[in-house]
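See below for the structure under consideration.
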Amino acid sequence: MPARPVRRLRRAQLPADTVALARYLIGKTLVRDGPEGRTSARIVETEAYLVGDAACHAFRGPTPRNRSLFLARGHAYVYLIYGVSFMLNVSSETVGIGAGVLLRAAEPLDGLDLMAARRGPTADTARPAELARGPGRLAGAFGIDRTWDGLDLCADGPLWLGGAVAATGPIGASVRIGLTVETERVLRFYERGNPAVSGPKRLRV
DNA sequence: GTATGGATGTTCT
DNA sequence: GAACATCCATACT
């Protein structure tokens, strides 16, 4: 399977608004290059975490953990949740303002075998759409851990955001998944009907 | 298909 | 010491 041609997104192309960025990233690609080869996937589900949003990790100001949210938009914010899974976010505002977009699910394009190997024995290799369906799985498929925190996804680095490789389908919206606060805000976005989107069925159509 | 409960480790109060 | 932007196995409809 040859790697598809994908152009890197430049920082200036990213919408300046967090919600706009969350929608914009649907249908775009996430690419990791390395000695083992390329892994890439279409982003199909995101969530926005805003300034003044109690569910945003930056809500109470910068700490050692969340400082990457305060970097210029297009930087990675990675953290461990429930002691189990890493979450990959894209910082979304200007320097000093803490907000971001969580990448919740992606449709694998290149390097499926490598993704499955990174996911380990629990990966459902018979169903490619399951490889990066869910934020923890997405980070797992790309081999993302805290050492990737703070990386510039718009620089000439090993992990980057790329343009769309196909037409983007209709985008749906819902409340965010798994929160105990700010549960009413409609800040989750997804490509309707895509099998790589996570969550219960009613939040995928 | 959905519902439930346990595992897990870091962070901040 | 509680909370936590999840995943997986199991049980059930």
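Just so it is clear: chains get the letters A, B, ... in the order the sequence lines come, proteins before strands, and each one is counted from 1.
For A:Thr122, taking side-chain heavy atoms from C-beta onward, the closest of the listed nucleotides C:dC7, C:dA5, C:dC8 is C:dC8. The listed nucleotides are B:dT8, B:dT11, C:dA5; the one nearest the side chain of A:Val84 is B:dT8. Residue A:Ser85 has its side chain nearest to C:dT6 when only B:dC12, B:dT2, C:dT6 are considered. Candidate nucleotides C:dT6, B:dT2, C:dC8 were compared by shortest atom distance to the side chain of A:Arg104, and C:dT6 ranks first. Candidate nucleotides C:dA5, B:dT2, B:dC12 were compared by shortest atom distance to the side chain of A:Asn89, and C:dA5 ranks first. Out of C:dT6, C:dA5, B:dC12, the shortest distance to the side chain of A:Thr63 is found at B:dC12. Between B:dT2, C:dC4, B:dG9, one nucleotide has an atom nearer to the side chain of A:Leu80 than all others, and that is B:dG9. In this structure, the nucleotide among C:dC8, C:dT6, B:dC12 sitting nearest to the side chain of A:Arg119 is C:dC8.
None of A:Arg202, A:Glu45, A:Arg188, A:Arg204 except one satisfies the side chain to side chain contact (heavy atoms under 4.5 Å, CB included) rule with A:Ser174; the exception is A:Arg188.
Stacking is found between A:Tyr49 and the pyrimidine-like six-membered ring of the C:dA5 base under the 5.5 Å centre-distance and 30° plane-angle cut-offs.
No more than 12 heavy atoms of other residues, nucleotides or ligands shown are found within 6.0 angstrom of CZ on A:Arg67. When the shell of 6.0 Å around CZ of A:Arg7 is examined, it contains 12 or fewer heavy atoms from other residues, nucleotides or ligands.
C:dA2 is paired with B:dT11 under the Watson-Crick or G-U wobble criterion, all donor-acceptor distances under 3.5 Å. Partner assigned to C:dT10 is B:dA3, using Watson-Crick or G-U wobble distances below 3.5 angstrom.
Between the side chain of A:Tyr79 and the base of C:dA5, at least one donor-acceptor pair of N or O atoms lies under 3.5 Å.
Judged by the 6.0 Å distance and 45° axis criteria, A:Arg176 is positioned over the aromatic ring of A:Tyr49.
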